[in-house]
Chemist: 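Please see the structure below; I have some questions.
Throughout, a chain's letter reflects where its sequence line sits, starting with A, and its residues are numbered from 1.
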Amino acid sequence: MVRAMNAPLVTPRFRIAPSPTGYFHVGGARTALYNWALAKRLGGTFVLRIEDTDAERNRPEWNQGIIDALAWIGIHADDPTFEGPYFQSQYAEHHVAEAQRLFANGAAYYCDMTSDQIQERAKAEGVTGYAGWSRELGLGPGPGRVLRFRVPEGSTVVNDLVRGEVTFDNATIEDFVLLRGNGSPMFLLANVVDDVTMRISHVIRAEEHLPNTPKQQMLWEALGHEPPVWAHVPLLVNEQRKKISKRRDKVALESYRDEGYRADAMVNYLMTLGWSPGDEEIQPWVAMQEAFALEDVAKSPAFFDLKKLAAFNGTYIRAMSVDEFVAATEPWCAQWREAHPDAMWNAEQFAAMSPFIQQRATTLAEAPGVVDFMFLPNPQFDEKDLSKAWAVEDAAALVAETIAAFETCDWTDEAMKAAFDAIAEAHGLKPGKAQAPIRVAITGRTVGPPLYEAMELLGRDEVLRRLRALPGSVHVA
RNA sequence: GCCCCCAUCGUCUAGUGGCCUAGGACACCACCCUUUCAAGGUGGCGGCACGGGUUCGAAUCCCGUUGGGGGUGCCA
């Protein structure tokens with residue numbers, strides 16, 4: 001309060017503290033974005049601290065994955081706002097030293113009970129957890145002994161920018177472990193000590209950490225510091241309304257990138273989960289960066305909706321210039337070429353068809369598949385579509401007459417359309433319906449991009465060849 | 001069990017006591033456009049969890065109920 005009335009002594013410092021135990025989580029990405037928006041707008045600093053203290057589960061190769069994932073969503077390590085990455089494991093000595101300080105001034109004590117002993121005694125005494133049994137034993141450090149925080153009497157009020165004041169009765173908080181029996185620091189301790197050391201002013205993280213907050217706030221105070229500004233943003237949940245997790249949901253940011261979601265679409269979508277950018281939800285990053293405020297963040301969990309993400313992505317794809325689109329789809333086109341060594345990829349034709357692809361695709365990855373029939377030696381016939389084609393009235397005659405007309409007409413999409421429309425009309429059919437056999441002959445399917453445009457690019461010889469080769473049409477010509 | 005959080009269309013949200021006959025977006029449905037499929041356009045369906053208060057007036061404030069979620073580790 002007092003601080004807010006004066007000019008800030010230092011610029012605000014934000015942080016994200018992911019642990020390298022897997023791919024980068026979309027929820028972590030949203031939290032990062034919120035922190036990043038504030039750091040950028042307020043001229044502050046965004047610290048990346050990788051919390052790699054769980055030796056059992058950590059894998060060093062994930063570290064680069066975190067940095068790459070952040071870079072993908074526009075949080076670049078070479079931006080002056082960015083600081084780090086720091087690796088928590090390198091500060092273990094300092095964490096232990098601070099814990100000793102807590103022990104020295106009586107804020108923490110050693111306990112020699114094992115988990116089993118605690119469980120047994122709790123059961124015997126009818127209490128739920130560890131009830132401070134070693135508090136007054138005056139134990140010193142020793143093998144197998146954990147260091148516990150002496151939770152003071154009273155209550156702890158957490159002032160949260162999105163939740164308001166949250167009060168915890170300290171009696172409901174057990175004396176939590178600071179140092180393990182092997183002397184290594186626990187998350188609660190390491191996290192706070194690092195935040196203190198790195199002069200973090202704002203801790204913005206997911207709501208799952210709210211129950212940890214009173215403990216951490218007590219730690220900040222016991223360590224002799226003013227707690228930071230807290231803000232707990234709503235969880236991202238799945239269809240069952242449960243926190244999305246690695247085990248049951250697709251949460252890896254990288255997988256969306258690899259499936260052809262655009263970074264700006266993902267960023268835009270993520271920002272709207274728990275926050276609204278205003279009248280128009282499709283917004284460029286800079287606009288959201290300027291508008292974002294923790295006070296406006298919603299309190300209730302948000303469903304991570306793939307369908308809406310896809311809609312955002314489609315909107316962003318359609319907003320690209322054709323050149324941008326062609327360049328952006330290249331990685332997936334390259335994959336397609338690799339998977340089809342016998343195909344004759346034609347970059348000019350792909351580019352020429354791109355405006356049509358753009359308005360159909362919801363991901364970049366789908367792009368080659370929309371027009372792949374053009375480059376394959378033969379279309380891949382869909383059985384159902386093939387029978388649909390032959391179900392069209394006068395199908396055989398339609399194909400035969402189309403072959404005849406295409407042998408001589410001008411080779412432009414307009415001329416082909418005019419010729420075919422005339423044929424369809426002569427049979428008393430709507431062109432759209434009569435087109436099915438022709439479309440299947442050329443593309444293998446009844447649905448796809450505009451036909452005449454594709455045929456013009458394919459060339460007369462190839463189109464006639466495909467028309468004559470339509471499976472089931474052998475008796476016609 | 002205990003602690004904590006949350007509660008507006010199916011979903012994401014706007015809404016901070018009268019501008020609400022509750023607005024937008026996604027999804028869904030219909031129609032239009034149309035060479036298929038899309039895209040685009042127009043329209044439709046659909047919601048303040050419930051019960052008490054407070055108030056001249058409540059989606060908005062208070063209490064309770066119910067429901068959902070998170071936490072409850074020598075994980076982070």
Chemist: Please measure how far the C1' atom in B/rG47 lies from the corresponding atom in B/rA27, and state the result in whole Å.
Modeler: 15 Å
Chemist: Suppose you measure atom P in B/rA30 against the same atom in B/rA38; what distance do you get, rounded to whole Å?
Modeler: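 The same atom, P, in both gives a distance of 12 Å.
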Chemist: Separation of A/Asp305 atom CG from B/rU13 atom P, in whole Å?
Modeler: 11 Å
Chemist: Taking atom C1' of B/rC75 as reference, at what distance in whole Å does atom CE of A/Met186 sit?
Modeler: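 After rounding, the reported distance stands at 7 Å.
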Chemist: Do you see a donor-acceptor pair shorter than 3.5 Å between the side chains of A/Asn182 and A/Ser184?
Modeler: yes
Chemist: B/rG73 C1' sits how many Å from A/Met113 CE, rounded?
Modeler: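 It works out to 15 Å between those atoms.
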Chemist: Partner of B/rG57 by Watson-Crick or G-U wobble geometry, both contacts under 3.5 Å, or none?
Modeler: none
Chemist: Need the pair for B/rA7. Rule: Watson-Crick or G-U wobble, both distances under 3.5 Å, any strand; none if unpaired.
Modeler: B/rU66
Chemist: A/Glu51 has an atom CD; how far is it from atom P of B/rC75, in whole Å?
Modeler: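 In whole Å, B/rC75 P and A/Glu51 CD are 15 Å from each other.
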Chemist: Is the backbone of A/Gly444 close enough, under 3.5 Å, to the side chain of A/Gln380 for a donor and an acceptor to pair up by distance?
Modeler: no
Chemist: Using a 4.0 Å cut-off on protein heavy atoms (strictly under), produce a 5'-to-3' string for nucleotides 30-38 of chain B with B for base contact, S for backbone-only sugar-phosphate contact, and - for none.
Modeler: -----BBBB
Chemist: For B/rC4 versus B/rG40, give the span between their P atoms, rounded off to a whole number of Å.
Modeler: 48 Å
Chemist: Compare side-chain N and O positions of A/Arg180 against OP1 and OP2 of B/rA76 and report whether any pair is under 4.0 Å apart.
Modeler: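 Affirmative; the distance criterion is met.
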Chemist: In residues 294-302 of chain A, what residues come within less than 4.0 Å of RNA chain B, judged by heavy atoms?
Modeler: A/Lys299, A/Ser300, A/Pro301, A/Ala302
Chemist: Given the P atoms of B/rG67 and B/rC50, what is the spacing between them in whole Å?
Modeler: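 One P to the other, the span is 15 Å.
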Chemist: Figure out the NE2/P separation between A/His232 and B/rC5, and round it to whole Å.
Modeler: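 Answer to the nearest Å: 12 Å.
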Chemist: Can you tell me which residue pairs pass the side-chain hydrogen bond (donor to acceptor under 3.5 Å, both in side chains) test with a partner in residues 446-458 of chain A, sequence neighbours excluded?
Modeler: A/Asp385-A/Thr446
Chemist: Report which part of the nucleic acid A/Thr272 touches: base, sugar-phosphate, or nothing (heavy-atom distance under 4.0 Å, all strands).
Modeler: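 Sugar-phosphate, backbone atoms only, no base.
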Chemist: Under 3.5 Å for both donor-acceptor distances, Watson-Crick or wobble: does B/rC28 have a partner, and if so which one?
Modeler: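 With both distances under 3.5 Å, B/rC28 matches B/rG44.
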Chemist: Starting at the 5' end of RNA chain B and moving along, which residue's nearest nucleotide shows up first, A/Lys307 or A/Gly274?
Modeler: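 Upstream on the strand: A/Gly274.
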Chemist: Just N and O in the side chain of A/Lys242: are any of them under 4.0 Å from OP1 or OP2 of B/rG69?
Modeler: yes
Chemist: Mind checking the P distance from B/rU8 to B/rU13? Whole angstroms is fine.
Modeler: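 Those two atoms are separated by 9 Å.
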Chemist: So which one's nearest nucleotide on RNA chain B is more toward 5', A/Ala311 or A/Val162?
Modeler: A/Val162
Chemist: Write down the distance separating the P atoms in B/rC37 and B/rC32, rounded off to the nearest Å.
Modeler: 13 Å
Chemist: Do A/Asn212 and A/Asn191 come within less than 4.5 Å of each other through their side chains, counting heavy atoms only?
Modeler: no
Chemist: Measure from the side-chain N and O atoms of A/Asp410 to the backbone N and O of A/Thr412, and report whether any donor-acceptor pair falls under 3.5 Å.
Modeler: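 Judged by distance alone, no pair lies under 3.5 Å.
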Chemist: Could you state the CG-P distance from A/Asn313 to B/rA39, rounded to the nearest angstrom?
Modeler: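 Atom-to-atom, A/Asn313 to B/rA39, this comes out as 14 Å.
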Chemist: Mind checking if A/Thr114 touches a base, just sugar-phosphate, or nothing, with heavy atoms under 4.0 Å?
Modeler: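 Result for A/Thr114 = base.
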Chemist: Taking the same atom, C1', in B/rA59 and in B/rG17, what whole-Å distance lies between them?
Modeler: 10 Å
Chemist: Could you check whether A/Gly144 gets within reach of a base, just the sugar-phosphate, or nothing at all, counting any heavy atom under 4.0 Å?
Modeler: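 Base, at least one base heavy atom under 4.0 Å.
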Chemist: Main chain of A/Arg445, side chain of A/Asp382: is a donor-acceptor contact present, judged purely on distance under 3.5 Å?
Modeler: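 Checking the backbone N and O of A/Arg445 against the side chain of A/Asp382, no donor-acceptor pair under 3.5 Å is found.
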Chemist: Whole angstrom is fine here: how far is it from CD1 in A/Ile282 over to C1' in B/rC12?
Modeler: 12 Å
Chemist: Can you tell me the distance, in whole Å, between the NZ atom of A/Lys243 and the P atom of B/rC4?
Modeler: 19 Å
Chemist: Under the rule for salt bridge (charged side-chain N to carboxylate O under 4.0 Å, His left out), what residues qualify as partners of A/Asp421, not counting sequence neighbours?
Modeler: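 Only A/Lys417 meet the salt bridge (charged side-chain N to carboxylate O under 4.0 Å, His left out) criterion with A/Asp421.
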Chemist: Could you please name the partner base of B/rC2, counting Watson-Crick and G-U wobble pairs only when both distances are under 3.5 Å?
Modeler: B/rG71
Chemist: B/rC12, OP1 or OP2 - any side-chain N/O from A/Arg241 closer than 4.0 Å?
Modeler: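 For B/rC12, OP1/OP2 do have a side-chain N/O of A/Arg241 under 4.0 Å.
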Chemist: Using modelled atom types and a 3.5 Å cut-off, is there a donor and acceptor pairing between side-chain atoms of A/Gln358 and backbone atoms of A/Met320?
Modeler: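 Yes: the side chain of A/Gln358 pairs with the backbone of A/Met320.
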Chemist: Thinking salt bridges, do A/Asp249 and A/Lys242 make one under a 4.0 Å N-O criterion?
Modeler: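 No.
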Chemist: Taking salt bridge (charged side-chain N to carboxylate O under 4.0 Å, His left out) as the cut-off, I'd like each qualifying pair that reaches into residues 155-167 of chain A, sequence neighbours left out, listed once.
Modeler: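 Residue pairs with at least one partner in residues 155-167 of chain A: A/Arg163-A/Glu207.
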Chemist: Expressed in whole Å, how much space separates the C1' atoms belonging to B/rA25 and B/rC45?
Modeler: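 Taking atom C1' in both B/rA25 and B/rC45, they lie 16 Å apart.
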Chemist: Answer yes or no: is there a donor N or O on one side and an acceptor on the other, between the side chain of A/Gln117 and the main chain of A/Thr114, under 3.5 Å?
Modeler: yes
Chemist: Using the six-membered ring of A/Tyr256, assess whether NZ or CZ of A/Lys250 lies under 6.0 Å from its centre and within 45 degrees of the ring axis.
Modeler: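 Ring-cation test returns yes.
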Chemist: Are A/Glu281 and A/Lys308 ion-paired here, with the side-chain N under 4.0 Å from a carboxylate O?
Modeler: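 Yes, charged N to carboxylate O under 4.0 Å.
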Chemist: Hey, does the side chain of A/Arg318 come within less than 4.0 Å of B/rG40's phosphate (OP1/OP2), counting only N and O?
Modeler: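 True: A/Arg318 side-chain N/O within range (under 4.0 Å) of B/rG40 OP1/OP2.
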Chemist: Using a 4.0 Å heavy-atom cut-off, does A/Tyr269 contact any base of the nucleic acid, only the sugar-phosphate backbone, or nothing at all?
Modeler: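 Since no nucleic acid heavy atom lies under 4.0 Å of A/Tyr269, the category is nothing.
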Chemist: Categorize A/Val166 for me: base, sugar-phosphate, or nothing, with a 4.0 angstrom heavy-atom threshold over every strand shown.
Modeler: sugar-phosphate
Chemist: Short of 4.0 Å, heavy atom to strand atom, which residues of residues 206-223 of chain A count as contacting RNA chain B?
Modeler: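 By residue number: A/Glu207, A/Glu208, A/His209, A/Leu210, A/Pro211, A/Asn212.
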Chemist: Going through the checks in order, is the side chain to side chain contact (heavy atoms under 4.5 Å, CB included) test met by A/Tyr110 and A/Asp112?
Modeler: CA-CA 7 Å; A/Tyr110 280 96; A/Asp112 61 357; over 6 Å; no
